[in-house]
2 protein chains.
Amino acid sequence: MVQEKNIPQHRRLYEILRKHIIDGIYKEGDLLPSENELCQLYGMTRPTVRQSLSTLANDGYIRKHQGKGSIVHHLPKEIGILSVSGTTSAVGSRNLKTRIIVKPSLIPWSEDFMFPLTELEKESGCIYFERLRLLDNEPIFYDISYIANINLPRITSRQFENRSLFQILREHYHIEIKGGEQRIKAIPASGRISRYLHLGKGQSVLHLERKMGTNNPALFLYSSIFCNTDKYSIFGRF
Amino acid sequence: MVQEKNIPQHRRLYEILRKHIIDGIYKEGDLLPSENELCQLYGMTRPTVRQSLSTLANDGYIRKHQGKGSIVHHLPKEIGILSVSGTTSAVGSRNLKTRIIVKPSLIPWSEDFMFPLTELEKESGCIYFERLRLLDNEPIFYDISYIANINLPRITSRQFENRSLFQILREHYHIEIKGGEQRIKAIPASGRISRYLHLGKGQSVLHLERKMGTNNPALFLYSSIFCNTDKYSIFGRF
DNA sequence: ATTTTTTACTTGTAAATACAAGTTATAATA
DNA sequence: TATTATAACTTGTATTTACAAGTAAAAAAT
């Protein structure tokens, strides 16, 4: 499953720099080594290095300035929307806990699913699970996830507690989110949702319906997310 | 103001192809001319052409497939969020009308503005206006816009009725939106908002607070948007 | 000391070239 | 006819070379 040497050079450098930024080796505002320095350091030519930096810039990890250099940009967009910023103070992701409400299981797709499905997806069945995500022990997100059962061995038996779905897919299946689309609504909380999110019935709740593409062109991730935005806002970059 | 010949070749080709896609010369699903054909057509080399296509792909106008070609992608992400898709049927933008509620005027910035401001912005003052946007003659968006008064001559006297702010900035001031950030909440409608959006008081309303960057590094656009998501959803790509 | 100029860096643009790898239609084979 | 191999496309990766343009610090002039 794990292939190491077939990845192109520019991708390799991208992953290295990305990891260094995430791990805090390069901090927000820091200047990355110059393109020529990176060439020497990693034995690549400038167009190759530039391709890595270009991808990093597109993903929001750095910002390039002619004449100055590449500057590490504050926190990347955690795939469109999912990073949360408190209205009063910033919240580190260390306070985020995940509780499984319905364990992953393979079920048939609903007839009137929120997005149109391909034949392959319909045949493959749907890996379904529900999670409640808590911030500082307060329930903020209620996530319902749907994934087509395509090339994901043993996923129903994996440990989802307190781990990101994206992280699991990335580490165990080499699946990267490429992009996607979403519909956003403000709705009054239903009985079940208000119970899980500790809200009064009928209070305003944010509802997201998302479809995410991956590096496997046949595989999409779907989720329906209910969010209590009373104390926190959804924060997104674009 | 208008400079024509200093723009780089890859940017020129980007603009041409982008316009052709917007104008429908290349339709959704169409295959763009191959990279080598574009080289011949526009007298450029492949790296230059590839840079144009790469930017188009990043902006969501096309999708590239190795071995096949560049395929026109359906409607680009109208800067993060602002395109609207009906829950029942797709809505063409021809049904969108804009009504000015408060005409553009220069005022001082509020002390507790929703985003932190630079000194230059504070000194320049704030161009403020409010607009109601209707879809099929139903009020859907209530927009409050804030722009720093930096290098925007005569903007307070321009015609905003039924025109996009982005379009005006692009055509008259060569200002392009580069990206931005936003906070999203679901809130109960206040009296004023519920009146403008034809809602009962306390009904759920979507609230966006956005900061957008431009090709002028000192100029940002801010807006506070209230949205009736009863019949329509906010639709976004990422 | 202050201002201006120069210099040495940085990224941006662009060409020419080569081969790898994925896709598709055609031609050869069974 | 159906399958397989080939060929002719497509985009992806990578090197090499050259100069333009923006930035910042050092050097020179005022």
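Chain A is the first sequence line, chain B the second, and so forth, proteins listed ahead of strands; every chain is numbered from 1. Just so it is clear, the values below take in all heavy atoms, side chains as well, and ignore hydrogens, waters and symmetry mates.
Heavy atoms from other residues, nucleotides or ligands lying under 6.0 Å from CZ of A:Arg63 number 12 at most. Within 6.0 Å of atom CD in A:Glu15, more than 12 heavy atoms from other residues, nucleotides or ligands are found, so the atom counts as buried in its surroundings.
Comparing D:dA18, C:dA16, D:dG12 by their nearest atom to the side chain of A:Arg46 picks out D:dA18. When distances run from any side-chain atom of A:Arg50 to the nucleotides C:dA15, C:dT11, D:dA14, the shortest one goes to C:dT11. Side-chain atoms of B:His10 lie closest to C:dT13 of the nucleotides C:dT10, D:dA14, C:dT13. You'll find that the side chain of B:Ser70 is closest to D:dT11, out of D:dT11, C:dG12, D:dA14. The nucleotide whose nearest atom lies closest to any side-chain atom of A:Thr45 is, among C:dT11, D:dA14, D:dG12, D:dA14. The B:Gln51 side chain lies nearest to C:dT13 when the options are D:dG12, C:dT13, C:dT11.
Per the geometry, CG belonging to A:Leu53 stands 13 Å off C1' belonging to C:dG12, to the nearest Å. In this entry the distance linking CG of A:Asn36 with C1' of C:dA8 reads 12 Å, nearest Å. Here the P atom of nucleotide C:dT11 and the CG atom of A:Leu32 are 9 Å apart, to the nearest Å. For B:Met44 and C:dA16, the CE to C1' distance is 17 Å, given to the nearest whole Å. Rounded to whole Å, the distance from CG on B:Leu31 to C1' on D:dC9 is 12 Å. A straight line from CD1 of B:Ile7 to P of D:dA21 spans 14 Å, rounded to a whole angstrom. When rounded to the nearest whole Å, the span between CG of B:Leu13 and C1' of C:dA14 equals 14 Å. Note: CZ (B:Arg63) to P (C:dG22) measures 20 Å, nearest angstrom.
Using a 4.0 Å cut-off, no side-chain N or O of A:Lys68 falls inside it from OP1 or OP2 of D:dG22. Neither OP1 nor OP2 of D:dT11 sits under 4.0 Å from any side-chain N or O of B:His65. Between B:Gln66 and D:dT13, a side-chain N or O to OP1/OP2 separation shorter than 4.0 Å is absent.
The only option from B:Tyr222, B:Trp109, B:Tyr146 that meets the side chain to side chain donor-acceptor pair (under 3.5 Å) definition with B:Glu121 turns out to be B:Tyr222.
For the residue pair B:Tyr128 / B:Glu130, a side-chain donor-acceptor distance below 3.5 Å is found, with atom types taken as modelled.
Nearest-nucleotide mapping onto DNA chain C: of B:Thr48 and A:Lys64, the residue sitting toward the 5' end is A:Lys64. Residue order along DNA chain D, read from the 5' end via each residue's closest nucleotide, puts B:Glu35 first among B:Glu35 and A:Pro47.
In this structure, A:Ser34 reaches the sugar-phosphate backbone alone: every heavy-atom distance under 4.0 Å involves primed, P, OP1 or OP2 atoms, never a base.
For the pair A:Lys211 and A:Phe220, the cation-pi criterion (under 6.0 Å, within 45° of the ring axis) is fulfilled.
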